[in-house]
Protein chains: 2
Amino acid sequence: MPTEPLSRTRIVAAAIDLIEREGADAVSMRRIAAELGVGVMSLYNHVPNKDALLNGVAEAVLSQIEFTDDPDAHWTDRVRMQARAFRQIAHGHPRSTMLVVSRQLHSNAGLLPVERALATLRSAGFDGVDAVRVLRMFIAYIVGSLLREVGVTPTFAPLHRHMVNPDDVDPALFPEVSGLAPLLASCDHDAEFDFGVELLIQAIAVLPKREGTR
Amino acid sequence: MPTEPLSRTRIVAAAIDLIEREGADAVSMRRIAAELGVGVMSLYNHVPNKDALLNGVAEAVLSQIEFTDDPDAHWTDRVRMQARAFRQIAHGHPRSTMLVVSRQLHSNAGLLPVERALATLRSAGFDGVDAVRVLRMFIAYIVGSLLREVGVTPTFAPLHRHMVNPDDVDPALFPEVSGLAPLLASCDHDAEFDFGVELLIQAIAVLPKREGTR
DNA sequence: GGCTTGCACGTACGGCGTACGTCCGTCAAT
DNA sequence: ATTGACGGACGTACGCCGTACGTGCAAGCC
């Protein structure tokens, strides 16, 4: 049985699989090797160390997002589409999301979304300074939203679970929180995300545009 | 020499100190114990496990932020002030920031900022549903911004450092990125943060307000 | 004095990342 | 056909990690 030869790609795939099945904490070189039916140290023939492997995971996930950009559409639609495309990560690879947003990628995988976004914003008439500013703002919002969605950051209902009975929160100390507890306890991530995106788009749409494209 | 008795508070303080000095990776029970001149297992008399200790760190940092809320100020000013207060975390405890935003806190420490924010938004005339929505949106933006600021998330200039010469980015493939490289490479976090906050405030200020406060 | 209680501490176990050395199959040059 | 170099798979070993468990000691109570 000529088992498929080991390769960086296969290793990364196994890592992603493992993360999605058992969470990021379950990832160890030994575990991945076991998953592949291979000795631990064999991995190091294809990957310099664990950190690089995790970067590989982040890149792989990132490069899977499907940008279907229509250059003829209105720029607001294009921005909306790109934001949503990025959010696919949270759906397709929820437990890898943290990895994707928290690693500095020095490869082209990380540059493509940036390039697309900047092109869209420039085509909308923003100069370089504003395009970068707006992009950074969107990224901050999207990253924060994804983290909430995959449960890294709280909904900022610490009443997420675990304290179903709102007895734990003193209504005298926290009247608003306890009054709005039902609203805080549930979160429609789709709606929540879109609400923010629309608000942001609307906000930047009225941003005064300078002339000198520089 | 009656050395100060060990206590949860002292342990948490040592942990924060260690994180800020050497980064979150340097934190281990052994290391903290050594820092306190104490046996490793003594820590477990005051803290059930490492995870709980890290929660303690997050709570301690979170509860240090100074909210100076002026109920008479215009709500837009109050929102601005609260957003900035939260951002103090990144300044006062940069290397603990990740911990603060990524841990689900089931204590009052995490509820106080939420309570303040909700109260402010309600006083501005938002009903419960909108207040929660807007709050979530702000939190997402702030969390994302803080992570960028403390270097967890890239500026989304992967050209942050390490690739000073923009030869690594192919101008043919990434015209915008390479054209805007100087802008992407530097980031004035103060200005960037305020830009977003102002945009958000402005956006929600024009949000239609429903009547029925329910 | 005896007894309980609480805390500091040592030892030990299983798991981690990875440096290093070994072994073996393949293939080019002889 | 023989040899030699080479690349990849693997085992061993080291120094870390979190923490379960047991021991010993000092203070407070009867």
Side-chain angles (χ1 to χ4, degrees), chain A residues 1-60 95-96 98-99 102-106 152, chain B residues 1-60 95-96 98-99 102-106 152:
Chain A
M1 178 179 84
T3 127
E4 181 113 4
L6 210 46
S7 71
R8 182 184 158 100
T9 310
R10 285 218 315 142
I11 295 174
V12 168
I16 295 182
D17 210 61
L18 184 56
I19 293 176
E20 294 304 329
R21 278 201 333 270
E22 308 196 17
D25 290 346
V27 176
S28 80
M29 298 306 264
R30 288 163 174 24
R31 195 77 168 63
I32 293 174
E35 212 80 13
L36 290 165
V38 123
V40 196
M41 293 316 289
S42 309
L43 303 178
Y44 287 87
N45 289 319
H46 305 271
V47 159
N49 53 49
K50 189 186 182 183
D51 213 58
L53 169 55
L54 294 183
N55 280 340
V57 168
E59 283 175 33
R95 313 182 79 164
S96 308
M98 186 64 204
L99 237 51
S102 73
R103 304 219 137 227
Q104 311 262 46
L105 302 181
H106 303 291
V152 175
Chain B
M1 177 178 82
T3 129
E4 181 113 3
L6 209 47
S7 72
R8 182 184 158 99
T9 310
R10 285 218 315 143
I11 295 173
V12 168
I16 295 183
D17 211 61
L18 183 56
I19 293 177
E20 294 304 329
R21 278 202 332 271
E22 308 196 16
D25 290 347
V27 176
S28 80
M29 297 306 264
R30 286 165 160 80
R31 195 77 169 61
I32 294 173
E35 213 80 13
L36 290 165
V38 123
V40 196
M41 294 315 288
S42 309
L43 302 178
Y44 286 88
N45 288 319
H46 305 271
V47 159
N49 53 50
K50 188 185 182 181
D51 213 59
L53 169 56
L54 294 183
N55 279 339
V57 169
E59 283 174 32
R95 316 182 78 163
S96 309
M98 187 64 205
L99 237 52
S102 73
R103 303 220 137 226
Q104 310 262 45
L105 302 182
H106 302 292
V152 174

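Heavy-atom basis, side chains included; hydrogens, waters and symmetry copies ignored. The sequence lines fix the lettering, A, B, ..., with proteins before strands; numbering per chain opens at 1.
- Here B:His46 does not reach the OP1 or OP2 of C:dG6: none of its side-chain N or O atoms lies under 4.0 Å away.
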Extract all donor-acceptor atom pairs below 3.5 Å that involve side chains of residues 38-48 of chain B and protein atoms in other chains or at least two apart in sequence.
| residue | atom | partner | partner atom | Å |
| --- | --- | --- | --- | --- |
| B:Ser42 | OG | B:Gly39 | O | 3.4 |

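- One interatomic measurement links the two molecules: CG of A:Leu43 to C1' of D:dC10, which rounds to 11 Å at whole-angstrom precision.
- Listed by chain and residue number, B:Ser7 satisfy the side chain to side chain contact (heavy atoms under 4.5 Å, CB included) test with B:Thr9 (two or more places apart in sequence, or in another chain).
- Here the shortest heavy-atom pairing between B:Asn55 and B:Gln104 reads OD1-O, 4.4 Å.
- Computed from coordinates, the A:Asn45 CG to D:dG8 C1' distance equals 5 Å when rounded to whole Å.
- The two residues A:Val27 and A:Leu18 have their closest heavy-atom pair at CA-CD2, 4.1 Å.
- Taking every heavy atom of both residues into account, A:Ser96 and A:Ile19 meet most closely at OG-CG2, 3.6 Å.
- Between B:Ser42 and C:dC9, a side-chain N or O to OP1/OP2 separation shorter than 4.0 Å is present.
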Return the polar atom pairs (N/O with N/O) between nucleotides 22-25 of chain C and the protein under 3.5 Å, or none.
none

**Annotated protein contacts, base or backbone, on nucleotides 13-28 of chain D with a non-hydrogen cut-off under 4.0 Å, one of B, S, - each** = ----BBBBB-------
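- Counting heavy atoms from C-beta on, the side chains of A:Ile32 and A:Leu53 come closer than 4.5 Å.
- Among pairs with a residue in residues 37-52 of chain B, those fulfilling salt bridge (charged side-chain N to carboxylate O under 4.0 Å, His left out) read B:Asp51-B:Arg103, at least two apart in sequence or across chains.
- Screening residues 22-39 of chain B for salt bridge (charged side-chain N to carboxylate O under 4.0 Å, His left out) gives B:Arg21-B:Glu35, B:Glu22-B:Arg31, B:Arg31-B:Glu35 as the qualifying pairs, with residues at least two apart or on separate chains.
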